[in-house]
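Within every chain, numbering begins at 1; the chains are lettered A, B, ... in the order of the sequence lines, protein sequences first and strands thereafter. Note that the coordinates shown come from a computational prediction; the quantities given were computed from them, not determined experimentally.
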Amino acid sequence: MENIEIADRLNELADLLEIKGANPFRIRAYRNAVRTVGGLTRPLVHMVRDGEDLTELPGIGKDMDSHIRELLATGELEMLAEVTAEVPRELAVLTRLDGVGPKKARKIWKELGITTPEELEVAVEDGRVEALEGFGARSATKILRSIEDLRKQQGRFLRLDARQLLRGLLEHLEEAPELERLEVAGSYRRGKETVGDLDLLALCDGGEDDRQALMDRFTGYSEVDRVEMSGATRGSVVLRSGLPIDLRILGRSDYGAALHYFTGSKEHNVELRKRAQRRGLKVSEYGVFRVPEGTDADRMEPGEGERVAGETEEEVFAAVDLPWIPPALRENRGEIQAAEGGELPELVTVDRIRGDLHMHSTWSDGKASIAEMARACRDRGYEYLAITDHSQDVTIANGLTPERVREQWDEIERVREEVDGIHLFRGCEVDILKDGSLDLPDDVLEGLDIVLVAVHSHMGLSRDAQTERVLAAIRHPLVDILVHPTGRLLNRREPYPIDIEAILEAAGEHEVAVELNANPRRLDLHDRHLFRARELGLPISVATDAHRESQLDFMEPGLEQARRGWVGPDHVLNCRSLDDLTDWLDRRS
DNA sequence: GCCGTTTTCGGCCCGACTGTTTTCAGTCG
């Protein structure tokens, strides 16, 4: 059983316990365990196999340890079965509706006998929901709309799409005379590949009227479909595109604290607040405050007490004796401990990138010629590039036969002479066939400078078969880089079932690099797997898979993802100099 | 249910906004 499945079961248990009305702190303990399990870079099944003590993990105690072991051993969780006997499993879905939490879900179920959104929709329409105590006409319509949203929901927004949808609103807000500074916080600032909503932070040091004017400008933006809420400091709208956006208006003295607070992640914030608490401090979006001797922090009014930090993020971190932590790391995956020990990783930036090792040309399904791609790379200041068109099995992409591969080498030779100032590697993105063999014969592979391998077909194989297939390719002595290792397409296709841990370990053993495919619709590997690849010391190729010159820009979103996996220039294959890279490519000869 | 620089019991992160309420519970981030 995968970590993600274990986390899902524990989370479901937490949902149901919450509806049941269990001790809130017990529920929190389950959520904490879910976070820990979800953030692990190694499979629990291996950790157990290796005899590791799971209770050393944060939030995992005696009970969670035995839950995890039970799930690994049997695939089932007896306690979950017991709870679902009392509380219908489907109720957890209801809590995903806007404005419906565990309490209301319970009430709907107990009083109306309803467990599904479909039944709930009927009950709203015939007025039964409205009549419930604690509900009213407004909550009823809110529930109805939320059921519709749930139905058409296509997942989170790609970061790339969110950026586009946001642009107009930012321009609109920046025209406001009252505005002094505007930042996008939240998961967007942390560089997540998808975002659920966007959090904007506006600095406005003027009076109430100025703030109101700013809020009115926000809710009055032409692309706003509906205003969810609009208060003195916080407003929330949904754009016509369906993208939810929050705006917070802040003063100068608390802007840094708010930027930290709303950048999150929530998990990171919780850790930081606990750390503050141990130092007699209280952290909120308004700043860091000293809790006076003998005072109960809970009884303090928001913003009460001596403010020790708030204007900048650096101050907030410094107040708890930490250096500033880059947003990409703020996921409570050890960044606070690393910061404390002065061991924050150096993160890769675009100026350290020396080349791009995965791209296509008109020889297969690319839109630009080899020379055009080479010039575009040179214009970016790269030292090298690899042309890696598809191999023959990908007929739909006009994949190259062995003959055409050899013909392409002639053209590559010509371009090498024609375009100077950049080194051109001859490569190929070779298909891994169903049985794990490669789509081109060895004598062709031997003539290539760089061999990428990829799965493009038979994605429905069993996990074991898929893993074995890719392992076979990794063991092939002429293979250099495994590209887009899980095959995921964000919001469109889940990763194919594969034992990624086994793949990464084998790649280490056989000195094969793994790719972080920088296409914003792929971003494959996942940040957790990048973290693991880095732990294992694998070279990571951050490559754009560009099919036209403009797509070479994908390097930046790729690096954003790399940083989330704590990847630094030393881990990135294409941060190496041409000489060092060439040495690595010649490593086996 | 977890945890320990107030340690094996008694705590557990913080605040805004909404809707339905007469003083606040629930939800959300």
Look at all strands and tell whether [X] reaches a base, only sugar-phosphate, or nothing, counting heavy atoms closer than 4.0 Å.
X	value
Asn32(A)	nothing
Ala276(A)	nothing
Glu271(A)	nothing
Leu281(A)	nothing
Ala257(A)	nothing
Leu272(A)	nothing
Pro24(A)	nothing
Leu10(A)	nothing
Ser236(A)	nothing
Arg26(A)	base
Lys103(A)	sugar-phosphate
Lys104(A)	sugar-phosphate

Rounding to an integer number of angstrom, what distance separates [N] and [M] when you compare their [atom1] atoms?
N	M	atom1	result
dT27(B)	dT20(B)	P	13 Å
dT6(B)	dG1(B)	P	27 Å
dG15(B)	dG10(B)	C1'	24 Å
dC9(B)	dC14(B)	P	25 Å
dC12(B)	dT8(B)	C1'	15 Å
dA25(B)	dT21(B)	P	13 Å
dG11(B)	dT5(B)	C1'	16 Å
dT22(B)	dA16(B)	P	22 Å

Note to self: I'd like to know whether CZ of Arg190(A) has more than 12 heavy-atom contacts from other residues, nucleotides or ligands below 6.0 angstrom.
What the structure shows: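 It does: Arg190(A) CZ has more than 12 such atoms within range.
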
Margin query: Surrounding CZ of Arg240(A) (heavy atoms of other residues, nucleotides or ligands, distance under 6.0 Å), is the total greater than 12?
Written below: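 Result for CZ/Arg240(A): enclosed.
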
Of the listed nucleotides ([options]), which one gets closest to any side-chain atom of [X]?
X	options	answer
Arg248(A)	dT27(B), dG1(B), dG29(B)	dG29(B)
Thr233(A)	dA16(B), dG15(B), dG29(B)	dA16(B)
Phe25(A)	dC12(B), dC17(B), dG15(B)	dC12(B)

Margin query: If you go through the side-chain atoms of Tyr261(A), does one of them form a donor-acceptor pair with the base of dG15(B) closer than 3.5 Å?
Written below: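 No, the side chain and the base share no sub-3.5 Å donor-acceptor pair.
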
Margin query: Is it the case that the side chains of Ser265(A) and Glu267(A) hold a donor-acceptor pair, with the cut-off being a distance below 3.5 Å and no angle test?
Written below: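 Yes, because at least one side-chain N or O of Glu267(A) sits under 3.5 Å from a partner of the opposite role on Ser265(A).
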
Margin query: Can you see whether Thr84(A) engages Arg89(A) through a side-chain donor-acceptor pair at a distance of less than 3.5 angstrom?
Written below: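 The answer is no; no qualifying pair exists.
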
Notebook entry, point to check: Within this structure, what is the CZ-to-P distance between Arg138(A) and dA25(B), rounded to whole angstrom?
Noted result: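 Computing the Arg138(A):CZ to dA25(B):P distance gives 21 Å.
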
Check: When you match Ser230(A) and Gly99(A) each to their closest nucleotide on DNA chain B, which lands nearer the 5' end?
Finding: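 On the 5' side of the pair lies Ser230(A).
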
Notebook entry, point to check: When the nearest nucleotide of DNA chain B is assigned to Gly136(A) and to Gly235(A) on a heavy-atom basis, which residue is associated with the more 5' position?
Noted result: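 Here Gly235(A) is the residue nearer the 5' end.
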
Any [X] side-chain nitrogen or oxygen under 4.0 Å from OP1 or OP2 of [N]:
X	N	result
Arg278(A)	dT5(B)	no
Ser139(A)	dT20(B)	yes
Lys282(A)	dG15(B)	yes
Tyr286(A)	dA16(B)	yes

Next item on the list: Could you tell me whether dT7(B) is syn or anti, where syn means a glycosidic angle within 90 degrees of zero?
Entry: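 What dT7(B) shows is a syn base, its glycosidic angle lying within 90° of 0.
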
Checklist line | For Trp566(A) against Arg333(A), the heavy-atom pair lying closest together | finding: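 Between these two residues, the closest heavy atoms are CZ2-O, 3.5 Å.
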
Notebook entry, point to check: Do the numbers put Arg252(A) on top of the ring of Tyr255(A), so that NZ or CZ is under 6.0 Å from the six-membered ring centre and no more than 45° off the axis?
Noted result: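 No, Arg252(A) does not lie over the aromatic ring of Tyr255(A).
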
Item checked: Donor-acceptor contact present, side-chain Thr95(A) to main-chain Leu91(A), <3.5 Å ->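 Checked: no pair found.
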
Note to self: Under 3.5 Å for both donor-acceptor distances, Watson-Crick or wobble: does dT8(B) have a partner, and if so which one?
What the structure shows: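 Here dT8(B) is not engaged in any pair, so there is no nucleotide opposite it.
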
